[in-house]
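Everything on this sheet refers to the single structure shown next.
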Amino acid sequence: MVGWAIAVHGGAGVDPGLPVERQEEARRVLERCLRVGAAGLRAGLPAVDVVEMVVRELETDPVFNSGRGSALTRKGTVEMEASIMDGHGRRCGAVSGLTTVKNPVSLARLVMDRSPHSYLAFDGAEEFAREQGVEVVDNSYFITEENMSMLKRAKEANSIMYDYRVPAPGVDSASAGLEGAKVENGLLMNGLRISVYAPETVGCVVVDSNGWCAAATSTGGLMNKMSGRIGDSPLIGSGTYACGDCAVSCTGEGEAIIRSTLARDVAALVEYKGLSLQEAVDYAIKERLDEGMAGLIAVSRNGEVAYGFNTIGMFRGCATEDGFMEVSIW
Ligand code: ASP
């Protein structure tokens with residue numbers, strides 16, 4: 001028996017100017033989710049059930065960019081994606097392009113458990129959702145006023161909102177990889193402040209007391225993304241991965257995470273090189289992302305928890321069987 005551990009994230013796109021009330025709100029939601037997960041683990045639920053349960057909570061809360069509160073496409077619609085992986089048996093399920101499914105992570109779970117496939121997208125995924133009888137709602141349910149105004153600003157700035165590229169005060173935009181952008185009390189692009197606030201994509205990783213690991217990630221993707229764009233979150237090995245050794249969930253610039261197969265690289269460093277979990281996380285963040293901005297959470301079968309990010313912050317928290325719990329942003 002190992003001590004169980006759980007970690008959650010609410011995205012690596014943190015604006016240094018995020019109002020304190022919004023920071024507190026995000027912390028409260030993460031803490032509530034950790035308590036939900038910890039109660040499940042105490043009751044003996046397997047890791048895969050706990051990650052699904054916790055991500056459902058986060059999808060239902062509009063604070064984060066998943067389910068209700070998802071980032072919007074250029075057309076002002078929501079196209080959500082999610083994935084789940086059970087390291088015990090290396091089973092996985094993923095979905096993309098969802099427009100009506102209230103809890104995308106649960107549809108990913110059904111793809112894993114009840115379909116012959118690993119990944120369903122767009123019309124086929126929606127059809128599968130109907131066949132399985134999962135809860136569906138109108139697309140407008142997912143759209144919040146706050147996100148509508150962020151989309152408006154992103155369009156005016158002719159930008160996809162790479163919130164995680166917001167440089168810290170004192171850091172110039174070129175060294176943050178943003179040629180042509182100006183930083184004055186936040187990020188100005190084409191003269192417009194594009195980063196408003198950014199609790200983001202959500203994820204959860206768990207090791208249960210049997211030492212089984214699981215991971216799940218869910219997102220609306222990037223604000224002002226092209227319709228049809230698929231990011232890292234539903235891609236097994238990029239945004240999400242779990243195996244016998246560990247479980248990983250990523251957040252940040254999806255295109256960079258995809259190029260670096262970030263989640264699988266962390267697991268491979270543990271599996272093949274025998275690195276400790278934190279060493280593997282640090283190495284992957286430092287050496288694999290090139291110019292990309294991202295963060296991740298991970299747990300190992302021994303009950304370790306590790307975080308890593310090269311953004312200014314990442315909404316994150318963890319709890320362990322010995323009663324430890326923390327939630328942090330910066
Ligand atoms: N990784 C997500 C994506 O590119 C965004 C995020 O993590 O906030 O879709």
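Being a predicted model, the structure only gives us computed values, none of them experimental. Whatever order the structure lists ligands and atoms in, that order sets their numbers, starting from 1.
With ligand atoms numbered from 1 in the order given, ligand 1 contributes 9 (O) to contacts under 4.0 Å with heavy atoms of Gly221. Listed by atom number, the atoms of ligand 1 under 4.0 Å from Thr251 heavy atoms are 6 (C), 7 (O), 8 (O). Atoms of ligand 1 found under 4.0 Å from any heavy atom of Gly252 (numbered from 1 in listed order, with element): 1 (N), 2 (C), 3 (C), 4 (O), 5 (C), 6 (C), 7 (O).
The side-chain hydrogen bond (donor to acceptor under 3.5 Å, both in side chains) with Asn103 is formed by just one residue from the set Glu59, Glu135, Arg109, Glu57; it is Glu59. A side-chain hydrogen bond (donor to acceptor under 3.5 Å, both in side chains) with Glu31 is found for exactly one of Arg35, Arg28, Arg27, namely Arg35. When each of Asn224, Thr144, Val78 is checked for a side-chain contact (heavy atoms from CB on, under 4.5 Å) with Leu72, only Val78 meets the rule.
The option with the heavy atom closest to atom 9 (O) of ligand 1, from among Met223, Arg229, Met314, is Arg229.
Residue contacts with ligand 1, taken as heavy atom pairs separated by less than 4.0 Å, do not involve Met293 at all.
The shortest N or O to N or O distance between Thr201 and ligand 1 is under 3.5 Å. Close N/O approach between Ile257 and ligand 1 is not found [any backbone or side-chain N/O within under 3.5 Å]. Remark: ligand 1 and Thr219 share no N or O pair separated by less than 3.5 Å (distance only, no angle test). Here's the thing with Gly254: one of its N/O atoms is less than 3.5 angstrom from an N/O atom of ligand 1. Polar contact check, Glu255 against ligand 1: no nitrogen or oxygen pair lies under 3.5 Å apart. In terms of polar-atom proximity, defined here as any N/O pair under 3.5 Å, Asp232 does make such a contact with ligand 1.
Electrostatic pairing of Arg22 and Glu25 counts as a salt bridge here, judged by a charged N lying under 4.0 Å from a carboxylate O.
Residues satisfying the salt bridge (Lys or Arg N to Asp or Glu O under 4.0 Å) criterion with Glu287, sequence neighbours excluded, are absent altogether.
Val36 is listed as a side-chain neighbour of Met53, based on a closest heavy-atom distance under 4.5 Å.
Heavy atoms from other residues, nucleotides or ligands lying under 6.0 Å from CG of Asp322 number more than 12.
Think of Phe122 as one node in a network of Ile, Leu, Val, Met, Phe, Trp and Tyr side chains linked at under 4.5 Å; its network also takes in Tyr119, Ile230, Leu235, Ile258.
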